[in-house]
Amino acid sequence: MNIEKLLQLKAVASLETLYGPVDASQVQLQKTRREFEGDLTLVVFPFLKASRKGPEQTAEEVGRHLASNNPEIKSYNVIKGFLNISFRESFWAGQLDAIAADPDFGRQPATGLTVMVEYSSPNTNKPLHLGHIRNNLLGCSVAHILDAVGHRVIKANLVNDRGIHICKSMLAWQKFGGGETPASSGMKGDHLVGKYYVAFDKAYKAEIKELTAAGIPEDEAGKEAPMMKQAQEMLRLWEAKDPEIYGLWETMNGWVYEGFDKTYKALGVSFDKIYYESQTYLLGKEIVEEGLAKGVFFRKDDGSVWIDLTDDGLDQKLLLRSDGTSVYMTQDLGTAYQRFTEYHLDDMTYVVGNEQNYHFQVLRLILKKLGHDWADHICHLSYGMVELPEGKMKSREGTVVDADDLVAEMVRTARDMSAELGKLDGCTPEEADAVSQMVGLGALKYFILKVDPKKTMLFDPKESIDFNGNTGPFIQYTHARIKSVLRKAAEAGIAVGDRVAANYSLLPKEVELIKLLADYPGVVIAAAAEHSPALVANYVYELVKEYNQYYHDHSILREGDPGVREARLLLSAQVARIVADGMALLGISVPERM
RNA sequence: GGUCCGGUAGCUCAGUUGGAUAGAGCAUCAGAUUUCUAAUCUGACGGUCACAGGUUCGAGUCCUGUCCGGAUCACCA
């Protein structure tokens with residue numbers, strides 16, 4: 001049981017003895033602020049009515065009662081309506097021993113629930129960029145966190161492999177490609193296909209310009225331009241499974257997948273299940289029938305199917321086009337239904353940017369109106385955009401930050417910086433590669449994950465490659481330093497020990513660190529509940545910062561008393577362990593040395 | 001225009017059921033290493049928590065209004 005819970009029960013007992021029945025939810029305990037002495041603080045304001053006394057006097061009475069009935073409480077002090085309670089050092093030593101002895105510390109027992117996390121979900125017409133990186137890192141981390149709290153997690157990717165966008169790349173490749181392939185050009189497949197997507201856009205724009213010059217209105221020119229007409233014709237041929245077009249589609253998508261696989265591997269993300277929209281885009285039509293039968297949907301004269309959500313403060317939403325084909329919403333209704341039935345999901349989380357908030361609001365509402373109660377278990381992890389110092393990323397203006405370029409850049413910077421600091425001296429080339437990779441990626445991932453997902457974040461290329469302060473490398477470095485001490489201890493034949501010696505009274509800083517360690521499981525639980533890796537990131541930073549101060553002020557191996565030395569080694573080892581564990585939840589590796 | 005999200009130090013961000021004097025990092029300045037990794041640590045500087053009301057013992061946090069920024073409201077996905 002965690003310490004706050006424990007003390008809460010004791011506080012309720014004391015309060016009831018003194019003043020009669022109390023509402024346990026009124027008993028709020030918080031960490032004592034640094035400037036005061038104490039571990040946990042009870043706010044007594046809510047109980048003044050029951051005690052019929054002033055705040056100081058009430059706090060004093062409760063404190064006296066708690067201290068005299070609970071031997072693990074060392075002391076208490078009262079400031080205004082705040083009762084600050086301190087536990088004995090031996091109590092905290094026992095907490096550290098318990099953490100060290102628990103191999104599953106930070107993990108919750110299996111819940112028996114199955115949850116799916118869908119993330120990444122790229123289009124197959126261009127390479128991944130910075131926005132996708134945030135998506136992938138969030139999805140991957142949330143999956144780890146949900147796993148840590150005991151759920152069975154299925155990581156899913158829904159690849160948008162069909163539609164007019166891929167036809168545009170295909171058409172441009174046919175026209176201008178001259179048979180170019182990844183092998184012949186040496187280009188990564190996704191980048192090659194992306195190049196032709198850009199080529200399409202350029203040719204298309206040129207045509208529009210020509211048409212408008214000839215006096216045709218711009219919106220009409222957009223529809224009439226030959227490039228667009230041909231792309232649409234290509235989509236029709238694809239849907240009719242025309243052998244040539246279908247073959248080209250398979251080939252070019254294959255190039256893209258090879259490219260994506262490399263990017264995913266570099267980022268360290270993976271999936272358990274990959275859906276392809278070409279195989280799911282027809283789903284959802286039964287749901288349309290169901291909705292019509294139940295009178296939830298209605299058909300307009302032209303044959304299109306709609307739902308009227310104006311009573312819910314929204315608009316009318318199209319569910320089936322007049323030609324009978326489905327739209328995005330139709331498919332999503334279908335895939336949601338399929339997944340919940342196929343996997344018996346207890347929860348479904350979509351990692352999708354906040355520009356689709358409306359879509360998911362409508363999705364949930366429609367499913368509810370159809371009577372599917374599991375709609376309540378659909379969660380949209382809506383994350384904010386990544387902006388650059390010069391504003392939003394715009395592919396048109398060439399301000400998109402490419403994922404592969406960015407990762408390579410980070411790793412290269414990590415290597416340069418490591419070399420400059422002499423950190424790579426005596427490393428084999430393989431070790432140097434591994435450390436550079438770990439540090440460069442750590443910097444990137446931490447930079448992105450430390451920010452609250454729902455907030456728009458700014459990505460400054462210059463600042464993100466900072467490796468000091470609240471950064472991934474700062475945390476990785478602390479881990480490496482602890483590991484170094486542990487190695488030296490082992491070389492000197494000094495045992496780490498598995499418990500704090502009974503006669504050793506912990507230093508205040510050591511108590512602070514143990515308190516932080518004890519917080520870890522609660523942080524993971526909160527991160528899971530809120531789908532926020534940022535909570536874990538900020539926690540790990542706080543732990544590391546605290547440890548660095550401790551490390552600076554107190555020597556470990558030079559300590560003469562074996563009992564003290566063992567306690568410090570034990571504490572350090574546990575800090576390293578939790579740092580590594582927390583970083584793993586973020587998808588970040590930590591090095592043994594750097 | 002409707003709906004949703006955001007606004008905290010020069011910059012990037014924390015601040016979790018409303019609690020004590022609002023915190024970090026970066027940047028700037030000043031310091032610390034005969035000793036376990038200085039990618040570290042210490043100190044200084046820096047704030048009308050967008051603005052105005054309200055709720056109460058107490059509001060960055062909850063409510064209302066205003067201002068500013070963003071997203072969205074497609075027979076695109």
Side-chain angles (χ1 to χ4, degrees), chain A residues 25 28 30 32-36 41 43 45-46 48 55 79-82 84 121 123 160 162-165 277 281 300 302 304-306 312-323 325-329 331-332 353-359 361-362 382 384-385 387 389 392 414 417-418 420-423 439 447 450-452 454-460 462-464 466-471 473-478 480-489 492 522 526 529-530 532 534-535 537-538 541-542 545 548-549 551-559 568-569 572 593-594:
Chain A
S25 68
Q28 38 179 316
Q30 54 192 277
T32 304
R33 295 182 62 118
R34 272 181 193 282
E35 57 267 39
F36 303 107
T41 295
V43 184
F45 289 108
L48 299 186
I79 296 170
K80 293 193 275 187
F82 300 92
N84 302 321
S121 305
N123 290 351
N160 184 5
R162 66 164 281 281
I164 195 76
H165 57 270
E277 209 192 290
Y281 79 108
K300 287 191 179 174
D302 63 2
S304 56
V305 176
W306 299 73
D312 298 280
L314 305 172
D315 301 306
Q316 291 194 350
K317 184 79 188 174
L318 177 82
L319 294 165
L320 213 55
R321 294 192 185 98
S322 50
D323 64 5
T325 58
S326 54
V327 291
Y328 179 39
M329 182 59 76
Q331 296 170 48
D332 252 15
N354 61 11
E355 70 270 14
Q356 291 195 34
N357 285 354
Y358 184 75
H359 173 78
Q361 194 186 348
V362 171
S382 158
M385 314 200 119
E387 291 185 357
K392 286 172 65 174
M417 199 162 292
S418 300
E420 198 178 313
L421 292 167
K423 301 286 185 182
V439 173
F447 184 86
K450 75 175 176 184
V451 181
D452 183 346
K454 66 173 181 287
K455 288 195 175 174
T456 302
M457 68 173 288
L458 187 104
F459 183 85
D460 186 339
K462 289 194 208 79
E463 197 192 328
S464 65
D466 196 342
F467 289 11
N468 304 321
N470 188 358
T471 65
F474 171 88
I475 293 166
Q476 290 172 319
Y477 176 69
T478 304
R481 265 203 319 198
I482 295 175
K483 286 297 179 162
S484 173
V485 173
L486 294 175
R487 270 196 306 276
K488 291 230 158 69
E530 294 181 35
S532 176
L535 296 180
N538 287 307
Y541 173 64
E542 205 183 323
K545 202 171 141 50
N548 277 338
Q549 293 168 6
Y551 178 92
H552 182 266
D553 293 340
H554 306 285
S555 61
I556 299 166
L557 297 178
R558 282 175 49 85
E559 174 57 47
R568 290 182 180 175
L569 281 169
S572 299
R593 59 189 89 208
M594 70 183 270

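Below, chain A is the first sequence line, B the second, and so on; all start at residue 1. Basis for what follows: all heavy atoms, side chains included, without hydrogens, waters or symmetry-related copies.
- Residue-to-nucleotide contacts include no donor-acceptor pair under 3.5 Å from the side chain of S555(A) to the base of rC36(B).
- Under 4.0 angstrom from either OP1 or OP2 of rC76(B) there lies at least one side-chain N or O belonging to R321(A).
- T478(A) contributes no side-chain N or O that forms a donor-acceptor pair with the base of rA39(B) under 3.5 Å.
- A side-chain donor-acceptor contact under 3.5 Å links D302(A) to the backbone of S304(A).
- Q30(A) places its CD atom 8 Å from the P atom of rU17(B), with the value rounded to the nearest Å.
- In this structure a side-chain-to-backbone donor-acceptor pair under 3.5 Å is present from S418(A) to A414(A).
- Among the atoms of the strands shown, base atoms are found under 4.0 Å from some heavy atom of V43(A).
- Going from atom NE2 of H359(A) over to atom P of rC5(B) covers 19 Å, rounded to whole Å.
- Closest to the side chain of R33(A), out of rG6(B), rU21(B), rC75(B), is rU21(B).
- Going from the P atom of rG7(B) to that of rC49(B) covers 14 Å, rounded to whole Å.
- By the 4.5 Å heavy-atom criterion applied to side chains, S322(A) and K300(A) are not counted as neighbours.
- What separates CG of L557(A) from P of rU37(B) is a distance of 8 Å, to the nearest Å.
- Side-chain proximity of Y551(A) to rA38(B), rA20(B), rA77(B): nearest is rA38(B).
- The gap from the P atom of rG1(B) to that of rC63(B) amounts to 23 Å, rounded to the nearest Å.
- The shortest distance between the side-chain N/O atoms of R558(A) and the OP1/OP2 oxygens of rC36(B) is not below 4.0 Å.
- Which of rC75(B), rA20(B), rA77(B) sits closest to the side chain of I79(A) comes down to rA20(B).
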For nucleotides 68-71 of chain B, tabulate all protein N/O to nucleotide N/O atom pairs closer than 3.5 Å, reporting atom names and distance.
{"unit_1": "rA71(B)", "atom_1": "OP1", "unit_2": "K392(A)", "atom_2": "NZ", "d": "2.6"}

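- Annotation: side chain of N354(A) is not in contact with side chain of K454(A) (no heavy-atom distance under 4.5 Å).
- For R34(A) and rU21(B), the shortest distance from a side-chain N or O to OP1 or OP2 is not below 4.0 Å.
- Nucleotides rA39(B) and rC5(B), compared at atom C1', are 37 Å apart to the nearest Å.
- The nearest whole Å value for the distance from the CG atom in D452(A) to the C1' atom in rG6(B) is 10 Å.
- For rG7(B), the OP1/OP2 oxygens have a side-chain nitrogen or oxygen of K455(A) closer than 4.0 Å.
- The residue Y328(A) sits close to a base: some heavy atom pair falls under 4.0 Å.
- For the C1' atom pair drawn from rU33(B) and rC41(B), the interatomic distance equals 10 Å after rounding to whole Å.
- Base engagement by K423(A) is indicated by at least one non-hydrogen atom pair under 4.0 Å involving a base atom.
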- Watson-Crick or G-U pairs under 3.5 Å in RNA chain B, rendered as dot-bracket with [ ] for crossing pairs and | for another strand: (((((((..((((.....[...)))).(((((.......))))).....(((((..]....))))))))))))....

Contact list (N/O, under 3.5 angstrom) for nucleotides 41-47 of chain B vs protein:
{"unit_1": "rC41(B)", "atom_1": "O2'", "unit_2": "H552(A)", "atom_2": "ND1", "d": "3.2"}
{"unit_1": "rU42(B)", "atom_1": "OP1", "unit_2": "Q549(A)", "atom_2": "NE2", "d": "3.0"}

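- Across the P atoms, rA77(B) and rA50(B) are found 40 Å apart, a figure rounded to whole Å.
- Not a single donor-acceptor pair under 3.5 Å links the side chain of K488(A) to the backbone N or O of L557(A).
- Contact annotation for Y541(A): backbone-only contact, meaning every heavy-atom pair under 4.0 Å involves sugar-phosphate atoms and none involves a base.
- Taking 3.5 Å as the limit, the base of rA74(B) and the side chain of D315(A) contain no donor-acceptor pair of atoms between them.
- Look at the C1' atom in both rA27(B) and rC11(B): the space between them is 8 Å, to the nearest Å.
- The Y477(A) side chain lies nearest to rU37(B) when the options are rA77(B), rA14(B), rU37(B).
- In this structure, N538(A) atom CG and rU12(B) atom P are separated by 17 Å, rounded to whole Å.
- Checking rG25(B), rA77(B), rC75(B) against every side-chain atom of D302(A), the shortest atom distance belongs to rC75(B).
- Between the CG atom of L318(A) and the P atom of rC73(B) there is a distance of 13 Å, rounded to whole Å.
- On the C1' atoms, rC62(B) is 11 Å away from rU56(B), given to the nearest whole Å.
- A stacking contact between F45(A) and rG58(B) is absent: the pair does not combine a ring-centre distance of less than 5.5 Å to the base's six-membered ring with planes differing by less than 30°.
- Residue Q28(A) is in base contact, counting any heavy-atom pair closer than 4.0 Å across all strands shown.
- Rounded to whole Å, atom C1' of rC36(B) lies 14 Å from atom CZ of R593(A).
- Looking at residues two or more places apart in sequence or on another chain, you find a salt bridge (Lys or Arg N to Asp or Glu O under 4.0 Å) between E559(A) and R568(A).
- For E35(A), the salt bridge (Lys or Arg N to Asp or Glu O under 4.0 Å) criterion is met by R33(A), not counting sequence neighbours.
- In this structure, CG of L458(A) is placed 14 Å from C1' of rG10(B), rounded to the nearest angstrom.
- In this structure, D332(A) contributes its side chain and Y328(A) its backbone to no donor-acceptor pair below 3.5 Å.
- With sequence neighbours excluded, the residues that form a salt bridge (Lys or Arg N to Asp or Glu O under 4.0 Å) with E277(A) are R162(A).
- Among the heavy atoms of the strands, none lies under 4.0 Å from D312(A).
- S326(A) places a side-chain N or O within donor-acceptor distance of the main-chain N or O of Y281(A), the cut-off being under 3.5 Å.
- Residue-level contact check: M594(A) touches the bases, meaning some heavy atom is under 4.0 Å from a base atom.
- Picking from rG19(B), rA77(B), rC13(B) the nucleotide with the shortest atom distance to the side chain of F82(A) gives rG19(B).
- S418(A) comes within contact range of at least one nucleobase, with a heavy-atom separation under 4.0 Å.
- Heavy atoms of A480(A) sit under 4.0 angstrom from at least one base atom.
- When the C1' atom is used for both rC57(B) and rU66(B), the distance is 30 Å, rounded to whole Å.
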